[in-house]
Amino acid sequence: MVGTNKIITFLLSFIPGVGHLYLGLNKRGLQFLIGGFACISLIPPFPMVFPFVLAVIWFYGLFDALQKVTL
């Protein structure tokens, strides 16, 4: 993770998984991307569940990327 910037990681993490991809954590980043897009696509049939799940994925991905950049 040489040359990574905390501010850039923070800004990229607003899209779930992109901050992890920037840090070189490709598997974890793709898991967040797929999970986020799956939640977005499942919001219309299940409007009471998946907005909450998407918020959890987003917050966890944001703070996890910031934890990874400081290691």
Side-chain angles (χ1 to χ4, degrees):
M1 288 185 248
V2 176
T4 57
N5 189 344
K6 198 176 211 180
I7 295 171
I8 293 173
T9 303
F10 175 73
L11 293 174
L12 290 174
S13 293
F14 279 100
I15 300 172
V18 177
H20 289 88
L21 292 174
Y22 172 70
L23 294 174
L25 303 168
N26 295 331
K27 182 178 178 183
R28 184 168 266 215
L30 287 175
Q31 288 172 345
F32 278 112
L33 272 173
I34 291 169
F37 286 122
C39 285
I40 290 171
S41 66
L42 289 172
I43 286 175
F46 304 104
M48 298 301 282
V49 176
F50 284 101
F52 175 72
V53 174
L54 180 62
V56 169
I57 289 173
W58 184 75
F59 277 114
Y60 181 74
L62 179 71
F63 291 113
D64 185 56
L66 290 176
Q67 287 284 356
K68 300 292 185 204
V69 77
T70 58
L71 295 177

Q. Could you give the distance from OG1 (T9) to CG (L21), rounded to the nearest 0.5 Å?
A. 11.5 Å
Q) Between CG of L11 and NZ of K6, what distance do you get to the nearest 0.5 Å? A) 13.0 Å
Q) Shared ILVMFWY cluster between V49 and I57, side chains joined below 4.5 angstrom? A) yes
Q: Determine whether I34 and I15 fall in the same hydrophobic cluster, where Ile, Leu, Val, Met, Phe, Trp and Tyr are linked whenever their side-chain heavy atoms lie under 4.5 Å apart.
A: no
Q.
So for atom CZ, which belongs to F46, do other residues, nucleotides or ligands contribute more than 12 heavy atoms lying within a distance under 6.0 Å?
A. no
Q) Can you pull the side chain to side chain donor-acceptor pair (under 3.5 Å) pairs that have at least one residue in residues 35-63, sequence neighbours excluded? A) none
Q: Locate the shortest heavy-atom distance separating S13 from G19; write the atom from each residue and the value.
A: OG-CA, 3.6 Å
Q.
Under 4.5 Å between side-chain heavy atoms, counting indirect links through other Ile/Leu/Val/Met/Phe/Trp/Tyr residues: same cluster for F10 and F63 or not?
A. yes
Q | Same apolar cluster (I L V M F W Y, side chains within < 4.5 Å links), I40/L42 | A | yes
Q: Give the minimum heavy-atom separation between Y22 and N5, together with the two atoms involved.
A: OH-N, 3.3 Å
Cut-off 3.5 Å, no hydrogens considered: what does the side-chain donor-acceptor table look like for residues 24-33, sequence neighbours left out?
{"unit_1": "R28", "atom_1": "NH1", "unit_2": "D64", "atom_2": "OD1", "d": "3.1"}
{"unit_1": "R28", "atom_1": "NH1", "unit_2": "D64", "atom_2": "OD2", "d": "2.6"}

Q | Closest contact, heavy atoms only, L54 versus G36 | A | CD1-O, 3.7 Å
(Q) Grouping I, L, V, M, F, W and Y whenever their side-chain heavy atoms are under 4.5 Å apart, do F14 and I7 come out in a common cluster? (A) yes
